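One is the number of the first residue; the rest follow in order along the sequence. Every value quoted in this text rests on a predicted model; they were computed, and no experiment measured them.
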Amino acid sequence: MPGTKRPSDDLMSQSPMVTNGTSPPHLSGSDNDAKKVKLEQNSPNGPSRVVHIRSLPPDCTEADVVQLGMPYGKMSNVLLLKQKNQAFLEFLDEQAAVTMVSFHQQNPAQIRMKPVYVQFSNHKELKTDQANSFQNATAQAALQAASAVMGGPTEEGQKRTTLRIIVEHLVYPVGIEVLYQIFSKFGKVLKMIIFTKNNSFQALIQMSDPVAANAAKLSLDGQNIYNGCCTLRIDYSKLNNLNVKYNNDKSRDFTNPNLPSGDPGLDQAMPFGGSGSLVTPMVPGMGAAPLTAYGAANVVGGTPVYASNLSGNNSAQVPQMSSYGVPSALGAARMMTLNAAAAGAGNAVLLVSNLDEQKVTPDALFTLFGVYGDVHRVKILFNKKDNALVQMAEPHQAQLAIAHLDKVKVWGKNIRVTQSKHTLVQMPKEGQPQDAGLTKDFTNSPLHRFKRPGSKNCQNIFPPSAVLHLSNIPPNIEEDFLSDAFAQHGQVKAFKFFPKDRKMALIQMASVDEAVTALIAMHNYPLSDTNHLRVSFSKSTI
């Protein structure tokens with residue numbers, strides 16, 4: 001309404017353009033259609049420690065706002081209102097706020113290449129809602145990061161922008177897109193490389209500035225991506241710049257969408273940082289991971305801890321693989337687009353081939369595949385008994401089974417494990433001839449390892465190994481008894497009870513092949529009326 005002054009903190013305003021007594025620069029596009037509001041020089045909002053910033057870009061983070069205020073002095077609080085594209089920044093000293101507002105009256109500010117408008121708030125201090133714990137945590141992380149960069153105690157990493165991430169207890173698939181969505185909440189992600197090293201999933205992520213890197217490190221280190229698993233361990237990398245040569249499922253340069261995709265048939269070595277090369281083998285569970293895990297928790301089968309805080313309008317939009325020029329044939333082979341990955345990851349039925357048809361049984365496959373998820377049904381094909389369908393409880397468990405069991409030697413033959421075109425294993429219909437026990441339903445089996453959410457079994461999933469972990473051993477069972485029992489299925493090389501818990505032990509077979517055979521035969525082996533042996537693969541050595 002003409003002649004009516006509007007306070008700068010009118011958060012219901014839809015106008016993204018507010019000036020500090022000067023006319024804003026001409027903008028093209030949708031901003032031209034926005035109502036322009038001009039505050040008079042005698043605005044009632046006098047100097048305040050709190051600065052009000054409008055017209056923020058949709059992907060703006062607390063770290064971006066804090067970085068805008070860094071040249072002017074120490075900051076004590078920041079509040080980001082994403083739905084309103086506005087923020088409040090509180091300085092320790094009012095003079096710092098005065099300097100910031102005065103400067104940007106003559107020099108329009110920008111965040112992520114978008115003009116923003118700076119003015120005093122009519123609030124004298126910021127009080128944030130303690131119930132909004134996640135937003136408070138990210139705000140404090142950004143402030144701490146800024147404080148470190150602006151001259152806090154000198155420590156290595158304050159000026160670094162590249163982070164090294166290790167994901168422990170990798171139960172659910174984690175890929176570039178998942179990490180991008182997490183880390184982009186703290187600033188702009190420039191480049192990323194993922195790889196395996198020492199049997200652990202790792203990543204290098206280059207952020208746009210030290211504040212964003214430090215904020216991400218402070219907020220995310222020690223956090224779980226999903227409940228009870230996929231724990232982030234974060235420190236600084238010694239590399240200042242990642243030299244990404246390919247845009248694919250192992251590396252991504254978000255600043256250069258025109259890079260080639262590389263050879264899909266090879267696990268390529270990717271030099272970076274001028275310090276040699278890094279081989280990036282296939283990450284377990286990644287090939288068909290749902291690349292939009294945030295907002296698709298039901299598809300993944302787990303509850304993302306950070307996903308619940310980053311849902312809805314707050315979710316970062318990950319560039320589609322197709323925008324990097326990935327050929328469709330390549331996407332069909334190994335680098336799925338978002339839609340293809342989500343569709344593939346939604347299927348929990350596996351096709352297992354090249355089995356020993358003389359030895360395979362539904363119970364044997366239930367035991368072996370049950371190491372990586374809860375098996376609901378198994379069907380050995382009547383006319384081709386070296387093939388079987390295995391239906392897992394969850395799609396992500398099917399992905400884990402593919403990652404760990406494909407090409408593993410079972411009964412002397414390298415089996416193949418792939419996704420089936422079937423989405424359900426059908427049981428024989430009543431009245432039809434029985435299939436000689438080739439199909440079996442295990443849905444209500446008491447032997448499922450992952451029935452309880454957050455079970456410790458979720459944290460102890462490892463690829464097939466020569467060393468097996470034994471548990472549920474009654475006190476009267478001796479080493480010789482167990483060694484003799486396992487010797488029926490291969491050569492026992494070593495055995496050791498856990499020193500502090502004799503209910504558990506490690507046993508080493510002569511080879512991985514023999515360990516696989518022993519696990520199938522000995523899991524659920526009766527040791528007493530009430531104790532049945534539990535067997536799983538171990539990462540330990542004896």
Side-chain angles (χ1 to χ4, degrees), residues 163-183 192 194-205 216-217 219-235 280-291 293-294 296-310 345 348 369-374 392-405 448-465 467-471 498 501 504 506 519 534-541:
L163 300 171
R164 182 177 72 114
I165 293 91
I166 298 175
V167 182
E168 298 178 348
H169 309 315
L170 186 67
V171 175
Y172 303 129
V174 175
I176 283 179
E177 284 76 8
V178 170
L179 292 174
Y180 181 92
Q181 294 212 27
I182 296 172
F183 282 82
M192 192 184 308
I194 61 175
F195 55 97
T196 55
K197 183 177 181 181
N198 299 328
N199 291 323
S200 67
F201 174 86
Q202 301 190 23
L204 294 171
I205 299 179
K217 180 178 181 295
S219 285
L220 297 175
D221 186 33
Q223 296 291 330
N224 295 332
I225 301 177
Y226 300 98
N227 282 337
C229 59
C230 297
T231 306
L232 296 168
R233 302 298 179 193
I234 305 173
D235 57 15
T280 60
M282 190 68 177
V283 178
M286 273 194 50
L291 302 182
Y294 293 161
N298 290 335
V299 175
V300 178
T303 303
V305 175
Y306 263 81
S308 62
N309 294 308
L310 303 178
F369 282 78
V371 174
Y372 301 106
D374 293 336
M392 309 296 288
E394 300 283 355
H396 74 85
Q397 295 176 353
Q399 298 308 313
L400 284 173
I402 291 173
H404 290 305
L405 293 178
H448 290 315
R449 298 176 188 248
F450 308 101
K451 286 188 300 184
R452 289 181 299 162
S455 166
K456 288 185 178 180
N457 291 333
C458 295
Q459 302 177 21
N460 294 290
I461 296 178
F462 305 108
S465 59
V467 178
L468 298 171
H469 179 275
L470 314 182
S471 61
F498 278 52
D501 188 354
M504 296 189 292
L506 296 175
L519 181 143
R534 297 289 179 260
V535 185
S536 58
F537 297 114
S538 174
K539 67 175 182 179
S540 303
T541 57

Any idea which heavy atoms bring A216 and L163 closest together, and the distance? CB-CD1, 4.1 Å

State whether the side chain of S465 and the backbone N or O of F537 hold a donor-acceptor pair below 3.5 Å, judged by distance alone. no

So CD1 of I165 and CZ of F201: to nearest 0.5 Å the spacing works out to 9.0 Å

Working for side chain to side chain contact (heavy atoms under 4.5 Å, CB included), residues I182 and Q223: CA-CA 11 Å; I182 296 172; Q223 296 291 330; over 6 Å; no

Of all the heavy-atom pairs spanning K217 and I234, show the shortest one and how long it is. CE-O, 3.8 Å

Please examine the side chains of H404 and I461, heavy atoms only from C-beta on, and report whether any two atoms are closer than 4.5 Å. yes

Smallest heavy-atom separation, F369 atom then A401 atom, equals CD2-CB, 3.8 Å

For the CG atom of L400 and the CZ atom of F450, what is their distance to the nearest 0.5 Å? 8.0 Å

Sort out for me which residue in I194, I166, T196 forms a side chain to side chain contact (heavy atoms under 4.5 Å, CB included) with Q202. I166

For the CG atom of L470 and the CG atom of L506, what is their distance to the nearest 0.5 Å? 7.5 Å

Euclidean distance, Y372 OH relative to R449 CZ, rounded to 0.5 Å: 9.5 Å

As a quick check of understanding, evaluate side chain to side chain contact (heavy atoms under 4.5 Å, CB included) for C230 and L170, giving each step before the final call. CA-CA 5 Å; C230 297; L170 186 67; 4.2 Å; yes

Residue pair F462 / K539: nearest heavy atoms and the distance that separates them: CE2-CD, 3.5 Å

Under the side chain to side chain contact (heavy atoms under 4.5 Å, CB included) rule, what do V167 and L232 come out as? Steps first, then yes or no, please. CA-CA 5 Å; V167 182; L232 296 168; 4.0 Å; yes

What is the distance from atom CD1 of I225 to atom OG1 of T231, rounded to the nearest 0.5 Å? 8.5 Å

CD-CG distance between Q397 and D374, expressed to the nearest 0.5 angstrom: 5.0 Å

Are F195 and L204 packed together at the side-chain level, in the sense that at least one heavy-atom pair is separated by less than 4.5 angstrom? yes

